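All remarks here apply to the structure that follows.
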Amino acid sequence: MTGPRCRRKHRPSGRQGQSGARASKHPTPETGWTARRGSVAAGGGTEGQDLPSQFKLRNPAAPGDFVQLPVPIIQQLYHWDCGLACSRMVLRYLGQLDDSEFESALRELRLTKSIWTIDLAYLMRHFGVRHRFCTQTLGVDKGYKNQSFYRKHFDTEETRVNQLFAQAKACKVLVEKCTVSVQDIQAHLAQGHVAIVLVNSGVLHCDLCSSPVKYCCFAPSGHRCFCRTPDYQGHFIVLRGYNRATGCIFYNNPAYADRMCSTSLSNFEEARTSYGTDEDILFVYLDS
């Protein structure tokens, strides 16, 4: 297997493209999942300038008790691309999203339907975005081989993903094996930066959504739905703020096209530290 291409492309600042269709006026709530790979959903997206006033940036440069960043919402299109949808949100927030260049990057990096956090780190590097990928495992945890979520792609992906980790330094992809605290995350957000986080979607619960998600309803058309929550389903989300007074964290869930989500810090911690996530978090910096 050939190694990844490490070429960095220089993007003009402030350039934005059109990614996905706008959400319908009354979209049907849906959600999906990804792990250190994959996910599930459908739909379009909304652009930053269309965000309600309560989504606007509030004092990004000064750490405080309340931060809510104007990260645009872009909904994933398929069952596997939540990580790519999150990357689109981040690049648009940074003013660097161009659809044709994004699609070209996916081809150059050979990203297919199995997306891991390390893939997203390489994608950020491709666009010259300053980043820091923190994880508990530098490579693929062999213990995931028998997990239902990973089983299908494990044998074919293990070599590829381990190779990406091995070549990260040479490709100037910043990867660290370290533990990240909630305080670290809040300090990052308080500076106007954002982060893509891998969570267990079966554990994560939005306090603003009116009804619980039925993850199994993403079965292909014609398949029977038993509506039970799976043991582990990895999913990427974009962190965009927090409220110390209420003890919550704000995030964009690419499964939805019409809302910002919020959950308690305790629920967020449970979801992002679940076995299967490796506590993966990709910090992205506004001054890229």
Side-chain angles (χ1 to χ4, degrees), residues 4-5 8-9 11 15-23 30-48 71-129 131 133 135 149-150 152-153 156-157 160-161 164 171 173 194-199 201 204 215 218 233-240 251-257 261 277-278 280-284 288:
R5 299 182 183 179
R8 171 178 173 176
K9 293 195 174 181
R11 306 297 179 203
R15 186 175 183 181
Q16 297 186 9
Q18 299 296 319
S19 176
R22 292 181 182 271
E30 295 186 70
T31 190
W33 46 86
T34 305
R36 299 188 65 184
R37 66 164 185 84
S39 84
V40 176
T46 59
E47 300 181 18
V71 180
I73 301 168
I74 297 176
Q75 191 175 28
Q76 61 193 99
L77 301 175
Y78 308 102
H79 72 282
W80 50 268
D81 69 330
C82 63
L84 299 183
C86 287
S87 297
R88 287 179 182 270
M89 293 186 219
V90 168
L91 290 172
R92 181 166 289 170
Y93 175 65
L94 298 177
Q96 297 194 38
L97 181 61
D98 178 276
D99 276 353
S100 62
E101 291 180 345
F102 190 83
E103 293 301 322
S104 177
L106 299 187
R107 290 191 295 270
E108 185 169 331
L109 295 173
R110 298 173 185 146
L111 300 185
T112 57
K113 294 183 179 180
S114 183
I115 305 296
W116 296 58
T117 317
I118 188 68
D119 290 314
L120 304 185
Y122 272 81
L123 189 57
M124 291 298 112
R125 171 58 190 168
H126 181 93
F127 284 97
V129 172
H131 63 278
F133 171 24
T135 181
F149 184 82
Y150 285 100
K152 181 179 179 181
H153 298 280
T156 57
E157 288 291 277
R160 182 187 75 85
V161 172
L164 290 176
C171 291
V173 174
V194 293
I196 299 175
V197 183
L198 176 61
V199 298
S201 63
L204 187 68
Y215 297 98
F218 285 90
Q233 293 293 333
H235 187 57
F236 287 111
I237 61 174
V238 178
L239 301 187
R240 58 181 294 174
Y251 62 95
N252 285 357
N253 184 342
Y256 299 106
C261 288
T277 68
D278 282 328
D280 284 3
I281 179 167
L282 180 59
F283 290 109
V284 179
S288 296

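Note that the numbering runs from 1 along the sequence shown for the chain. All values reported here derive from a predicted model rather than from experimental measurement.
- Side chain to side chain, E157 and S114 meet the donor-acceptor criterion of an N or O pair below 3.5 Å.
- Counting heavy atoms from C-beta outward, V90 and M124 have side chains that approach closer than 4.5 Å.
- With N252 contributing its side chain and I74 its backbone, the two residues share no donor-acceptor pair below 3.5 Å.
- Smallest separation of non-hydrogen atoms from F236 and I115: CE1-O, 4.0 Å.
- With hydrogens and angles disregarded, no donor-acceptor distance shorter than 3.5 Å links the side chain of D81 to the backbone of L84.
- The residue from R125, K113, R160 that alone fulfils the salt bridge (charged side-chain N to carboxylate O under 4.0 Å, His left out) condition with D119 is R160.
- Side chain of Q75 to main chain of A255: a donor-acceptor pair is present (N/O by atom type, distance under 3.5 Å, no hydrogens or angles).
- Between P254 and I237 the shortest heavy-atom distance is CD-CA, 4.3 Å.
- Between Y93 and L91 there is no side-chain heavy-atom pair separated by less than 4.5 Å.
- Between R107 and S104, the closest side-chain pair of non-hydrogen atoms falls below 4.5 Å.
- Interatomic distance, NE2 of H126 versus SG of C171, reported as 12.5 Å (0.5 Å rounding).
- For the pair L120 and G83, the tightest heavy-atom approach, listed with the atom from each and the gap, is CD2-O, 3.6 Å.
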Problem set entry | V284 and L94: CA distance, side-chain angles, deciding distance, side-chain contact (heavy atoms from CB on, under 4.5 Å) verdict | CA-CA 10 Å; V284 179; L94 298 177; 3.9 Å; yes
side-chain contact (heavy atoms from CB on, under 4.5 Å) between I118 and F133: does it pass, once the steps are laid out? CA-CA 8 Å; I118 188 68; F133 171 24; 3.9 Å; yes
Practice task
Test salt bridge (Lys or Arg N to Asp or Glu O under 4.0 Å) on R88 and E101 and set out the steps.
Solution key: CA-CA 11 Å; R88 287 179 182 270; E101 291 180 345; over 6 Å; no
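- Side chain of S201 to backbone of Q233: a donor-acceptor contact under 3.5 angstrom is found.
- Residues T135 and D280 have side chains that bring a donor and an acceptor to within less than 3.5 angstrom of each other.
- Residues F127 and F102 approach most closely at CZ-CA, 3.8 Å, considering heavy atoms.
- Within the 3.5 Å criterion, the main-chain N or O of L164 finds a donor-acceptor partner in the side chain of Y122.
- Side-chain atoms of H131 come within 3.5 Å of backbone atoms of V129 as a donor-acceptor pair (strictly under, hydrogens ignored).
- Heavy atoms only, all atoms of each residue included: A121 and V173 are closest at CB-CG1, 3.6 Å.
- Atom-to-atom distance recorded for E108:CD and E103:CD is 13.5 Å, nearest 0.5 angstrom.
- One finds the OG atom of S87 at 5.0 Å from the CG atom of L123 (value rounded to the nearest 0.5 Å).
- Residues passing the ring pair (Phe, Tyr, Trp, His ring centres under 6.0 Å) test with Y251: none are found, sequence neighbours excluded.
- For the atom pair OG1 (T117) and CD1 (I281), the distance works out to 10.5 Å, reported to the nearest 0.5 Å.
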